[in-house]
Amino acid sequence: MLTRRKLLGLGAAATTAGLFPGCSSVLPEPDVQAAGFGQDATGTVQVWCRAATQSGLTDLVKKFNASQNRLTVELTPVLDAQYVTKLATAIRGRTVPDLVDVDDINSMLFIYRDAFTDLTEPLAALDFRDQLSPGHLRLATKDERVYGVPYLADNSMFWFNTELCDRADVDPDEAVKSFGNLLDAARKFRKLGDDIYAWSFPANSPGALGFVVQPMVWAADTDLIQGPVGSQSGHITGNDVVRQMLELHRQLWVDGLVPRANFSDDASRWGSDFRAGKVGIFPSNYSVVVSASDEAFHQKVTPRLLSGPDGGAAFFDGGDNMCIPRGARNASGAWEFVRFALDLPQQIDLPAGGYTPVRSDARTAEFAKRYPLATLPLERIQEGYAPTTLSYNLLYNQPDGPWLQMFRRAVFDGELEAAMKEAQQNYDRILRQGQA
């Protein structure tokens with residue numbers, strides 16, 4: 001059987017020549033083992049961040065700049081949709097920033113093109129190295145060398161409305177033991193009234209849907225992608241876990257256990273039905289559930305990790321990695337800023353901006369008191385995962401990508417066999433092209 005440990009050990013790599021046309025050499029790598037690296041740096045550190053996580057980085061930069069007067073961090077936000085292209089262009093032009101805060105799922109696009117600095121040694125010197133999110137680190141690791149450091153986490157989980165649970169006699173711990181139990185719980189919720197639904201999912205948003213549904217496959221120690229570095233293929237036809245996941249969502253739809261609006265839900269109003277108290281089980285993240293609601297609602301929710309057909313547990317290890325591009329002019333200053341970002345005071349504050357820490361030891365008594373709904377992924381940090389593949393965006397984030405097309409055809413049209421067969425072919429094609 002493919003265990004979680006073995007699954008997470010499977011890397012996925014391919015050439016990214018399409019991102020770097022005409023680039024035949026890499027930029028010089030900073031000497032991260034030089035005496036005094038990352039200490040008492042001076043000058044300016046140019047940092048790029050994702051627009052999606054800009055607010056958290058803005059506050060972090062302000063705190064860092066106020067903490068000393070010899071090193072100044074300058075922050076440049078980049079639209080998420082343009083980030084990969086803009087960074088690739090900067091690398092080709094040999095004018096890179098000193099530090100990039102990048103979507104962790106995209107780290108490999110640059111690592112496998114030798115665009116990032118090897119941080120294995122300075123990372124190993126951190127006394128909290130073993131407390132860092134293994135899912136994030138896995139996405140920054142190639143050939144047992146690490147080229148990025150986790151900064152913040154964006155994790156998907158099941159959220160239960162405890163008020164509705166009490167009324168429907170649903171025990172969240174029992175519900176997550178199997179797909180059968182989840183379906184039983186869903187039917188109980190639906191009996192509470194015509195305006196109460198069991199579940200809600202953004203079925204017309206490929207990225208959000210993948211964020212909350214894929215972990216239900218990973219919880220059974222399998223994935224929709226298989227194979228070692230350079231020879232990946234889809235793992236859909238013949239994958240009974242994928243089949244059961246689709247069958248579960250098909251049943252939720254056919255039995256009217258989810259709102260009809262899920263069909264066209266593009267995540268623009270994601271979570272509004274759950275926050276209104278009209279949904280019993282809601283797969284989503286901390287930001288959508290907690291940051292967007294008040295304290296009174298917080299008292300009515302409880303999180304559980306996403307589960308598979310026969311239990312298990314997983315969550316999507318989304319968020320950001322910080323990486324130092326080769327060619328960085330102030331790598332020492334960049335590493336000093338990274339260290340500051342990873343210090344416990346900064347990590348403990350992350351839920352205020354809608355994210356969770358990447359250090360498991362951030363779950364202190366103080367943290368649990370301030371952010372009780374953010375502790376679960378830290379308690380179970382080893383269960384976090386995200387697939388290591390250079391084709392993630394083409395597979396999972398495109399409206400015409402094979403992931404969304406398979407889900408909609410199977411769930412709404414009921415053409416499960418055809419949907420899985422078509423998805424297998426398209427996953428294979430996209431992965432093959434990426435590895436050419």
**Q** Side chain of His298, backbone of Tyr371: donor and acceptor closer than 3.5 Å?
**A** no
**Q** For a quick test of reading the model, state the closest non-hydrogen atom pair linking Val288 to Ser284 and the distance between them.
**A** CB-OG, 3.3 Å
**Q** In chain order, what residues pass the salt bridge (Lys or Arg N to Asp or Glu O under 4.0 Å) check against Lys62, with sequence neighbours excluded?
**A** none
**Q** Which donor-acceptor pairs under 3.5 Å do side chains of residues 196-209 form with protein atoms, sequence neighbours excluded?
**A**
residue	atom	partner	partner atom	Å
Ser200	OG	Asn262	ND2	3.2
Ser200	OG	Asp273	OD2	2.8

**Q** Under a 3.5 Å cutoff, is there a donor and acceptor pairing between the side chains of Thr76 and Gln46?
**A** no
**Q** Does the Lys NZ or Arg CZ of Arg359 fall within the cation-pi geometry relative to Phe128 - under 6.0 Å from the ring centre and within 45° of the axis?
**A** yes
**Q** Would you say the side-chain atoms of Ser307 pair up with the backbone N or O of Val176, donor to acceptor, closer than 3.5 Å?
**A** yes
**Q** I want to check something: taking the side chain as every heavy atom from C-beta on, are Pro122 and Trp335 in contact at a cut-off of under 4.5 Å?
**A** yes
**Q** If you measure only the distance, is there a donor-acceptor pair under 3.5 Å linking the side chains of Asn65 and Thr72?
**A** no
**Q** Do other residues, nucleotides or ligands put more than 12 heavy atoms under 6.0 Å from Gln68 CD?
**A** yes
**Q** Would you give the length of the straight line joining atom OH of Tyr83 to atom OG1 of Thr85, rounded to the nearest 0.5 angstrom?
**A** 12.5 Å
**Q** Of all residues at least two apart in sequence or in a different chain, which pass the salt bridge (Lys or Arg N to Asp or Glu O under 4.0 Å) check with Arg339?
**A** none
**Q** Side chains of Asn393 and Asn106 only: does a donor on one sit below 3.5 Å from an acceptor on the other?
**A** yes
**Q** Between Tyr147 and Lys142, what is the shortest heavy-atom contact and its length?
**A** CE1-O, 4.0 Å
**Q** Which pair of non-hydrogen atoms, one from Ser233 and one from Leu431, has the smallest distance, and what is that distance?
**A** C-CD1, 3.4 Å
**Q** Taking Arg50 for its side chain and Pro77 for its backbone only, find out whether a donor-acceptor pair lies under 3.5 Å.
**A** no
**Q** Parallel, tilted or perpendicular, judged at 30° and 60°: which one describes the rings of Phe407 and Trp403?
**A** tilted
**Q** Relative to the ring of Phe64, is the ring of Phe337 parallel (under 30°), tilted (30 to 60°) or perpendicular (over 60°)?
**A** perpendicular
**Q** Looking just at side-chain N and O atoms, do Tyr355 and Asn285 make a donor-acceptor pair shorter than 3.5 Å?
**A** no
**Q** Can you classify the ring geometry of Phe282 versus Phe274 as parallel (below 30°), tilted (30 to 60°) or perpendicular (above 60°)?
**A** parallel
